[in-house]
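In what follows, a structure is listed as structure tokens, so that the remarks can point back to it.
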Amino acid sequence: MTIDIPALLAALTLEEKAALLDGSDFWRTQPVERLGIPSVMLSDGPHGLRKQPDDGDHLGLLDSVRATCFPPAAGLASSWDVCLLGRVGEALGRECRAERVSVLLGPGINMKRSPLCGRNFEYFSEDPHLAGELGAALVTGLQSQGVGASVKHFAANNQETDRMTVSAEIDERTLREIYLTAFETVVTKARPWTVMSSYNKINGTYVAESRRLLTGILREEWGFEGLVVSDWGGVGDRPETVAAGVDLEMPSSSGAGTRAILDALAAGRLDETDIDTAVTRVLTLVDRALPALSEGSDGFDADAHHALAREAATASAVLLKNDGALLPLDPDTGGAVAVIGEFARTPRFQGAGSSQVNPTRVDSALDALRAALDGRREVAFAPGYVIESAEADPDLVAQAVRTAADAEVAVLFLGLPPSYESEGYDRDHMDLPAPQIALLHAVLDANPRTVVVLSNGSVVTLAPWQDRVPALLEAWLLGQAGGSACADLLLGRANPSGKLAETIPQRYEDTPAVGTFPGEFGRVRYAEGPLIGYRWYDTRRMPVAYPFGHGLSYTAFAYSDLDVTVRADGDDPQVDITLTVTNTGERAGTETVQLYVTDPEASVHRPEQELRAFTRVPLEPGHSERVTLTLGRRAFAFWHEIAADWIIEAGTFGLRLGASSRDIRLETTIALPGDTYTPPLTADSTADQWLAHPTAGPWLRTTLGTDGFATLLSDPHTGPMLRAIPLSRLTRFPGFPVTGEQVGEAVVKYRGD
Ligand code: BGC
């Protein structure tokens, strides 16, 4: 079933067209019954369907239909598994179809600029390449089911403080290289049906009112052909947002948006073609949604989706540390296992706010461990703390200490209480609650063989206590099957393969946005530029608790036989990097090989290294595989602010292959000829810049002659100082053989060379 968009455009009245650009309620587009245009439904997302009853809110206060709660992005991203994300996307699509939801509001692919952002649990990474690839995979999977994605929040919505008004002050290179890249990847690779504009401003302009972003970059540069929907309540001046490119305002503005559009048309602020463009996009969305709506759905298999949620959770946990191979625990032999911590019984498996899913069921780690050990090893439980309490409970601590002391090994579940991180506000600090830390020390005193399992949506400070802990599993928020996944990993029924998608810093004070996050007086300066996450720590050679990309396995992997082929080195470089990965241990496992590129000779300050490719390699023990990663143009280019384009500079580039950003196993260099871009000269360009210019340089040398200033300019002592002077200023020096007029003529003559 399709709709005839040109015919509908001709038949719709102006009032109907304006109304189509507004929601009809919290979650639906407007129908036009007389012309048979149905309404379609959009719902949160992103890690499960949050379809609310008709009188729903969007803040997570009211209930929603039951749906599978997959791991939120902070977990899923640690899998580094694009296939898995595709399958999760497909499952999300099936659930949406079953509920007649046409657009799932996600994924969220903003960058984790500060560990304190309250919504980091909903975002993938501090690295735009990783976030872009994972986001694209999820969108492709979802849309394969005839359900659209809404990639959000475009763009630079990296904090919750003042999220609806704050202006992110970002230089163009940083914006392009860090904050827009993941969106560009998802838009160009996965063609999402919709993009959600963010609440905030960038450099003083509301994103929803930025024609440059929503039309210039998104559509004209990247070729986006879908619909832009406002974030909920993210529209102020509706005509301005229509002109910028926000096609659909959500939720319903109760007619205010429609009236404002009609008034703007009457006043000549908007043209009817602007309205037709936006209406066409709304109708195209309806058209795309209709096949799935009319075909219907057989529902979804809740058991199969729970199993997928468990697989995803297992792939998402990161084994940070495992001294003395304390893990995995032997399920058959050994004494009692003390399971300590309320989170083992009452799991925290997702974050709060608009993404909160009503799960089909929830597995607790305690139940899962009991079921798995099933009488083979005794499992004793002590809650240890009250999740939201700021005070330690001495009785609970004493009971936990006794339980730990009587056991052969203790597994201690710690984490952030739900109130510590949520949509709508940022965190105050990175620490676990004090009662949990006190419990940790008490349990370790009683039994040093203590494994810690963490449940948190964003990083927590580990440095003050982790040296005492032999084994540490970062279990993030793992969705409804996270408890079973933890049991599988702890008992070795699954081998950990997760890798950190964000650095765990030693302390908050080391993080890149200290002092500028979350900003002052409505502005947040991104003063660290492109140095976010590991780009910051690695460039500054700072110690971290655990580096980006880190994650252990119960087996070990060796990297060898690096081979690099530069298949093309012109405008579109193609570089193949091939290596052998070997499983040198005794268990099957999966390694994620990471490829970082360095540009040590750049004329701009570039990060120490940047992730440009990765691949997962599953291997049986003793087996090897030869894998190839391919790099293209963007792996070497930076955003050149004068050229307003991606430029590769000639020179040597480093290629580093590693198991994390700090565990580089193989390294080599390649040389690329680069682009021939020459920045245009002005009268204020320095003598150096003039001399380096391919056509103006020879002219200047000839005009300077061979003695006097020519000698001084090439002298090793006076030359560097003189050549740093703008040519127009040198012309004023007595005896300088080039006049200001000649420089003015040369600027015109050599422009464009
Ligand atoms: C959030 C979006 C969400 C929307 C609808 C907004 O407040 O920022 O992520 O999709 O509400 O609930």
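For this chain, numbers begin at 1 and follow the sequence in order. Reckoned from all heavy atoms, side chains included, excluding hydrogens, waters and symmetry mates. Whatever order the structure lists ligands and atoms in, that order sets their numbers, starting from 1.
For the pair K112 and Y123, the cation-pi test (distance below 6.0 Å, angle within 45°) is failed.
At under 3.5 Å, a nitrogen or oxygen of D231, whether backbone or side chain, sits near a nitrogen or oxygen of ligand 1. The shortest N or O to N or O distance between D44 and ligand 1 is below 3.5 Å. Taking only nitrogen or oxygen atoms, main chain and side chain alike, W27 does not reach within less than 3.5 Å of ligand 1.
When non-hydrogen atoms are compared, ligand 1 lies under 4.0 Å from neither the backbone nor the side chain of M250. The side chain of R163, and not its backbone, has at least one atom closer than 4.0 Å to an atom of ligand 1 (non-hydrogen atoms only; side chain from C-beta on). Contacts with ligand 1 closer than 4.0 Å are made by side-chain heavy atoms of R119 only, the backbone lying farther away.
Interface of L105 with ligand 1, defined as ligand atoms under 4.0 Å from a residue heavy atom, comprises 10 (O). Distances below 4.0 Å separate heavy atoms of K152 from the following atoms of ligand 1: 2 (C), 3 (C), 9 (O), 10 (O). Near W232, the atoms of ligand 1 lying under 4.0 angstrom from a non-hydrogen atom of the residue are 4 (C), 5 (C), 11 (O). The atoms of ligand 1 that sit less than 4.0 Å from any heavy atom of H153 are 2 (C), 8 (O), 9 (O). Close contacts of ligand 1 with E423, meaning ligand atoms under 4.0 Å from a residue heavy atom, involve 1 (C), 6 (C), 7 (O), 8 (O). Close approach of ligand 1 to M196 is summarised as follows: ligand atoms under 4.0 Å from at least one heavy atom of the residue are 10 (O).
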For a side-chain hydrogen bond (donor to acceptor under 3.5 Å, both in side chains) check, start with the C-alpha distance between D44 and Q356, then their side-chain angles and the critical distance, and finish with the verdict. CA-CA 8 Å; D44 283 306; Q356 207 165 316; over 6 Å; no

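Residues passing the side-chain hydrogen bond (donor to acceptor under 3.5 Å, both in side chains) test with S198, sequence neighbours excluded: N200. Residues satisfying the side-chain hydrogen bond (donor to acceptor under 3.5 Å, both in side chains) criterion with S254, sequence neighbours excluded, are absent altogether.
For CZ of R173, the number of neighbouring non-hydrogen atoms (other residues, nucleotides, ligands) closer than 6.0 Å is greater than 12. Within 6.0 Å of the CZ atom in R525, the count of heavy atoms belonging to other residues, nucleotides or ligands does not exceed 12.
Taking CD of Q30 as the start and CG of D22 as the end, the distance is 6.0 Å to the nearest 0.5 Å.
Using modelled atom types and a 3.5 Å distance limit, the side chains of R119 and S354 yield a donor-acceptor pair.
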